[in-house]
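Scroll down for the structure; my scribbles are underneath it.
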Amino acid sequence: MAEQVLTGVKVLDLTHHIAGPYCSKLFADYGAEVIKVEQPGGGDPARAEGPFPGDVPHPEKSGLFLHLNTNKLGITLNLKNPAGVEIFKRLAQEADIVVENFRPGVLASMGLSYEVLAEHNSRLVLTHISNFGQTGPYRDYKATELTAFGIASRMSRQGQEDKPPVRYADNVVQYLAGCKAASATAIAFFGAQFHSMGQEVDVSIQEVLAGATDAGLTSYGYSGQVPHRADSPAEAFVNCADGVVQFRVAGGNPRMWHRMVQLLEMPELEEDPRFLTPALRTQNRSDLADIVLPWLMTQKKRDIAEKAQALGLNAAPVLDIGEVAEDSHNKERGFFVEVDHPIAGRFRYPGAPFKLQEGGWEVRYPAPLLGQHNQDIYCHRLGYSKEDLVRLRASGVI
């Protein structure tokens with residue numbers, strides 16, 4: 001296999017579910033050797049989450065797990081067992097990075113604090129990913145996507161004013177946190193290489209959302225004013241002949257107003273006394289919407305978007321998942337890739353989140369079966385015999 005940009009980097013992955021595995025996945029997909037450490041028996045809880053082929057649950061067929069753990073090696077190890085802790089210490093001596101997303105303090109309670117791990121590996125980077133960080137009054141709070149959106153202030157400004165607040169769909173915060181954690185870990189790793197000094201990285205999922213979503217918190221720092229939810233204009237997302245299109249009536253900017261009139265093919269609007277100035281167009285916005293919205297209902301969403309974009313207007317079709325998967329743009333860029341798994345079979349998954357000219361994203365092998373690489377890692381790397389593995393398995397260590 002050709003070398004990738006992170007070939008030679010060694011990562012121990014103690015993460016589960018989404019944010020942590022996505023962080024380590026980014027390292028694995030760009031060439032790092034990532035060893036995913038799972039609890040014997042059940043493994044990562046994501047193995048129990050769908051989607052599953054044929055909607056039949058199976059620990060080796062979870063689409064979520066298979067996507068988040070491509071290109072990783074997989075071992076089982078019980079860190080609640082003293083023998084398992086000692087084995088992990090040996091693995092950590094040769095690692096560059098350890099990533100974990102246990103509750104704050106759990107790793108240290110196992111005897112695997114940063115100080116212990118760094119004692120025999122001074123360049124080690126240990127990344128913690130947790131809901132609210134390793135310190136502070138909320139440190140031990142449980143959280144979901146809703147919790148993060150609520151406590152980071154985002155929900156207070158998301159949605160229409162006369163309706164309950166909303167959040168983004170699915171697990172956006174988890175993936176965003178995983179991405180930020182990978183960036184922070186890479187920064188710490190390269191710092192360790194330049195300065196021969198490792199360190200701990202503390203990633204708070206709540207802080208990732210609060211600090212990166214929008215400028216609301218910054219504007220409060222400038223003005224002291226608390227922004228609230230504003231009623232979203234109805235024409236921001238509108239029905240058309242074959243679905244929904246993102247389209248905002250351009251009334252304020254004279255240049256954009258002229259382009260919208262061209263799109264509508266209604267030159268008479270520029271002479272209409274209700275719409276002669278930006279102020280009048282704002283004042284008579286509902287009248288303008290009464291003209292634009294019926295026109296949109298006669299058009300197909302892709303046609304609207306293509307015509308608007310050609311004129312320099314911001315518009316886009318609202319695509320469902322199936323349409324995104326079959327979209328010509330995604331196909332031309334090769335965004336979706338097929339991965340063949342020995343148990344689940346061959347399926348399409350999202351591919352490279354960004355492209356490099358050389359040594360970039362690559363599928364080397366599918367997500368590991370539970371404990372698939374125990375013999376490779378324990379025998380070939382650490383010197384255990386096959387008989388030792390039988391003993392360790394029988395005693396619940398692996």
Side-chain angles (χ1 to χ4, degrees), residues 1 3-16 20-21 23-40 44 69-102 107-108 110-129 181-182 184-201 359 364-365 367-368 370-386 388-389 392-393 397-398:
M1 292 183 181
E3 283 202 350
Q4 296 173 262
V5 291
L6 296 181
T7 297
V9 178
K10 297 180 179 179
V11 181
L12 289 176
D13 180 5
L14 291 175
T15 68
H16 55 277
C23 167
S24 54
K25 170 185 171 61
L26 290 172
F27 281 88
D29 287 352
Y30 287 88
E33 178 191 79
V34 177
I35 300 176
K36 184 175 181 68
V37 182
E38 297 185 76
Q39 180 73 14
D44 187 334
N69 295 283
T70 303
N71 289 324
K72 299 179 186 180
L73 305 176
I75 63 173
T76 52
L77 186 63
N78 185 359
L79 297 181
K80 296 179 180 179
N81 187 302
V85 170
E86 293 305 313
I87 290 174
F88 186 81
K89 289 179 183 178
R90 292 183 60 188
L91 290 170
Q93 289 178 23
E94 303 300 322
D96 298 301
I97 296 165
V98 174
V99 185
E100 66 93 11
N101 64 344
F102 297 124
L107 196 66
M110 296 173 174
L112 294 171
S113 65
Y114 177 74
E115 291 73 22
V116 170
L117 294 176
E119 185 176 344
H120 298 291
N121 185 351
S122 62
R123 293 190 179 189
L124 183 71
V125 172
L126 172 58
T127 296
H128 307 281
I129 305 171
T185 303
I187 291 169
F189 167 73
F190 287 112
Q193 306 311 300
F194 288 129
H195 303 297
S196 300
M197 179 183 67
Q199 62 175 304
E200 288 184 271
V201 177
R364 303 193 305 281
Y365 30 81
L370 185 61
Q372 178 179 342
H373 299 97
N374 280 354
Q375 183 172 320
D376 291 342
I377 301 301
Y378 294 134
C379 296
H380 300 162
R381 304 247 185 125
L382 300 185
Y384 288 97
S385 66
K386 292 183 180 180
D388 290 332
L389 260 60
L392 291 169
R393 188 175 295 110
V397 176
I398 65 172

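Both backbone and side-chain heavy atoms feed into the values below; hydrogens, waters and symmetry mates do not. Keep in mind that this is a model prediction, so the values were computed, not measured.
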Can you name the residues that form a side chain to side chain donor-acceptor pair (under 3.5 Å) with [X], not counting sequence neighbours?
X    : answer
T70  : none
Q372 : none
H373 : none

inquiry  = Given L14, which partner from the list T127, N101, I35, V98 fulfils the side chain to side chain contact (heavy atoms under 4.5 Å, CB included) test?
reply    =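 Of all the options given, the one that passes is V98.
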Could you list the donor-acceptor pairs under 3.5 angstrom formed between side-chain atoms of residues 188-199 and any protein atom two or more places apart in sequence or on another chain?
from	atom 1	to	atom 2	distance (Å)
Q193	NE2	F189	O	3.4
S196	OG	R123	NH2	2.9

Just to verify, what does [X] make a side-chain contact (heavy atoms from CB on, under 4.5 Å) with, not counting sequence neighbours?
X    : value
Q39  : N78
A83  : N81, V397
S385 : E387, D388

Contacts table for residues 89-96: side-chain donor-acceptor under 3.5 angstrom, sequence neighbours left out:
from	atom 1	to	atom 2	distance (Å)
K89	NZ	E86	OE2	3.2
R90	NH2	L382	O	2.8
D96	OD2	K10	N	2.8

key: Gap between atom NE2 of H16 and atom CD1 of I129 - 0.5 Å precision   = 10.0 Å
L117 side, atom CG; E200 side, atom CD - distance, nearest 0.5 Å = 9.0 Å
task = Provide the full list of salt bridge (charged side-chain N to carboxylate O under 4.0 Å, His left out) pairs with a residue in residues 69-83, sequence neighbours left out, each pair given once.
result = D13-K72
ask   = What salt bridge (charged side-chain N to carboxylate O under 4.0 Å, His left out) pairs are there with at least one residue in residues 375-385, not counting sequence neighbours?
value =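 Every pair satisfying salt bridge (charged side-chain N to carboxylate O under 4.0 Å, His left out) with a residue in residues 375-385: E33-R381.
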ask   = Does Q375 reach the main-chain N or O of K386 with its side chain, forming a donor-acceptor pair under 3.5 Å?
value =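 No; zero donor-acceptor contacts below 3.5 Å.
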